[in-house]
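Heads up, the thing below is written out as structure tokens.
Each chain gets a letter, A, B and so on, in the order its sequence line appears, and its residues count up from 1. Note that the coordinates shown come from a computational prediction; the quantities given were computed from them, not determined experimentally.
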Protein chains: 2
Amino acid sequence: MTTTQELTEGLDDLPYNVFAKACPSRGTLEHVTGRWGGLILCALFEGSLRFNELRRRVDGVSEKMLSQTLHALERDGLVHREAQPTNPPRVDYELTRLGRGVAERLHGLIHFVEDSMDEVLAARERYDSARA
Amino acid sequence: MTTTQELTEGLDDLPYNVFAKACPSRGTLEHVTGRWGGLILCALFEGSLRFNELRRRVDGVSEKMLSQTLHALERDGLVHREAQPTNPPRVDYELTRLGRGVAERLHGLIHFVEDSMDEVLAARERYDSARA
DNA sequence: CTGCATCCCCAAGGATACTG
DNA sequence: CAGTATCCTTGGGGATGCAG
């Protein structure tokens, strides 16, 4: 007996496949690796932060983008929002278990890139001077 | 004049720090985690590919974006371009040692996201129904 | 096949002002 | 403090055409 599953297994037809244009995992990947998503998750990996702490930590985010990105990450179940009904308001953002899994890997990637920058910059100079 | 470097030193004054707006590592991170960069590196992680193979593998990339992203990755020293002076032309793209380091970590991240999609989708439903 | 050049649109995202 | 609402600009990126 040959099932559809058997016919297609072994290549990329796992339940979710980023390489497929329509796969929902691509959307989540973009939230996670987007311009601000990665930095926000990585910042929260070091501990929970309040809105404006996060804003200062991630140099260059606008209020709007921080708010918007946090909403997307919260919706995807990667970030938990803890609002305290005090005055003035205090809201803490922290990673969920799922979020820690993502952030841990993102953290590894980011530090690898940081540690590689000397080589990257050297490669750029070679590339540029080769066609000057 | 207060520079970003001065503002952040004492905290993360490692040679390179993605959290600082002006750090060159942020640019490279964006090449690597950009909309197409991540998928291209991840595709090449499984082996070298020709231009149109890559184009088919990464469902949805336009010719322009593939070409443009490959140039950025080549310039950063992550991808090696091997052109054969045949007719018709044949060009292979493969990861450099540095590129493999990045792609390996990216690959781990991407698969973690794919494997988490059921949970992500469930979280979205909870989030949406909670404010319907 | 492997691209580069051009046109063009639209949405990401910055700036600013306002609210609870 | 923690956001939301609005406006407006820029460039990301798709479509098309051409070339070696």
Side-chain angles (χ1 to χ4, degrees), chain A residues 20-22 26-41 43-44 48-76 79-94 127-128 130-131, chain B residues 4 18 20-22 26-40 43-44 48-76 79-94 127 130-131:
Chain A
K21 185 163 49 179
R26 202 181 268 196
T28 296
L29 184 65
E30 284 176 14
H31 294 160
V32 160
T33 61
R35 184 156 178 208
W36 303 116
L39 293 177
I40 290 172
L41 287 173
L44 290 175
S48 82
L49 290 171
R50 304 175 57 177
F51 189 84
N52 278 331
E53 286 173 341
L54 213 36
R55 188 152 152 51
R56 281 186 295 272
R57 177 86 179 120
V58 181
D59 188 21
V61 234
S62 66
E63 230 170 60
K64 176 186 169 184
M65 290 316 297
L66 179 56
S67 174
Q68 188 173 305
T69 307
L70 281 170
H71 279 312
L73 296 175
E74 188 192 356
R75 190 168 105 100
D76 283 352
V79 163
H80 175 67
R81 180 178 184 278
E82 187 81 26
Q84 317 213 1
T86 59
N87 190 336
R90 178 193 174 99
V91 180
D92 287 271
Y93 291 93
E94 61 185 346
Y127 183 96
D128 291 343
R131 51 213 81 202
Chain B
T4 299
V18 259
K21 185 163 48 177
R26 203 181 269 193
T28 297
L29 184 66
E30 284 174 15
H31 294 159
V32 159
T33 63
R35 184 156 178 210
W36 304 115
L39 294 177
I40 290 171
L44 290 175
S48 82
L49 291 171
R50 303 176 57 178
F51 189 83
N52 278 332
E53 286 173 341
L54 214 36
R55 189 152 152 52
R56 280 187 296 271
R57 176 88 180 118
V58 181
D59 188 21
V61 234
S62 67
E63 216 172 73
K64 176 185 168 184
M65 290 316 297
L66 179 56
S67 173
Q68 188 173 303
T69 306
L70 281 170
H71 277 311
L73 296 175
E74 189 193 354
R75 190 169 105 99
D76 283 352
V79 164
H80 176 68
R81 181 177 184 278
E82 186 82 25
Q84 319 218 357
T86 59
N87 191 336
R90 177 193 176 100
V91 181
D92 288 272
Y93 290 92
E94 61 184 348
Y127 183 95
R131 51 213 82 200

* To do: Sort out for me which residue in B:Arg50, B:Arg81, B:Glu82, B:Gln84 forms a side-chain contact (heavy atoms from CB on, under 4.5 Å) with B:Val91.
  =>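 Of the listed options, the one satisfying the test is B:Arg81.
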How long is the line joining [atom1] of [X] and [atom2] of [N], in whole Å?
X	N	atom1	atom2	result
A:Arg90	D:dG3	CZ	P	12 Å
A:Leu54	D:dG3	CG	P	10 Å
B:Gln68	C:dC4	CD	P	10 Å

* How long is the gap from CZ on B:Arg75 to OG1 on B:Thr28, to the nearest 0.5 Å? ->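 Separation between the atoms: 9.0 Å.
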* Structure fact -> When rounded to the nearest 0.5 Å, the distance separating CD1 of B:Ile40 from CG of B:Leu66 is 5.0 Å
* Asked: Between A:Tyr127 and B:His71, how do the two ring planes meet: parallel, tilted or perpendicular, split at 30° and 60°?
  -> perpendicular
Looking at residues at least two apart in the chain, or sitting in another chain, which of them share a salt bridge (charged side-chain N to carboxylate O under 4.0 Å, His left out) with [X]?
X	value
B:Glu74	none
B:Arg26	none
A:Arg90	A:Asp92
B:Arg55	none

For [X] and [N], is the shortest distance between a side-chain N/O and OP1 or OP2 below 4.0 Å?
X	N	answer
A:His71	D:dT4	yes
B:Ser67	C:dC4	yes
B:Arg50	C:dC1	no
A:Tyr93	D:dC1	no
B:Arg35	C:dA11	no

Nearest of [options] to any side-chain atom of [X]?
X	options	answer
A:Trp36	C:dG14, C:dG3, C:dC1	C:dG14
B:Val91	C:dT2, D:dA2, D:dG13	C:dT2
B:Arg81	C:dC1, C:dG3, C:dG13	C:dG3

* For A:Leu73 and A:His31, run side chain to side chain contact (heavy atoms under 4.5 Å, CB included): C-alpha distance rounded to whole Å, both residues' side-chain angles, the deciding distance at 0.1 Å, then the answer. => CA-CA 7 Å; A:Leu73 296 175; A:His31 294 160; 4.3 Å; yes
* For the helix from C:dC1-D:dG20 to C:dG20-D:dC1, what angle lies between the axis at the first five pairs and the axis at the last five pairs, to 10 degrees? -> 50°
* **Contact letters for nucleotides 15-20 of chain D, in which S counts primed atoms plus P, OP1 and OP2 and B counts the base, heavy atoms under 4.0 Å** => B-B--B
* Asked: When all nucleic acid strands are considered with a 4.0 Å heavy-atom cut-off, which category describes A:Arg55: base, sugar-phosphate, or nothing?
  ->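 Since no nucleic acid heavy atom lies under 4.0 Å of A:Arg55, the category is nothing.
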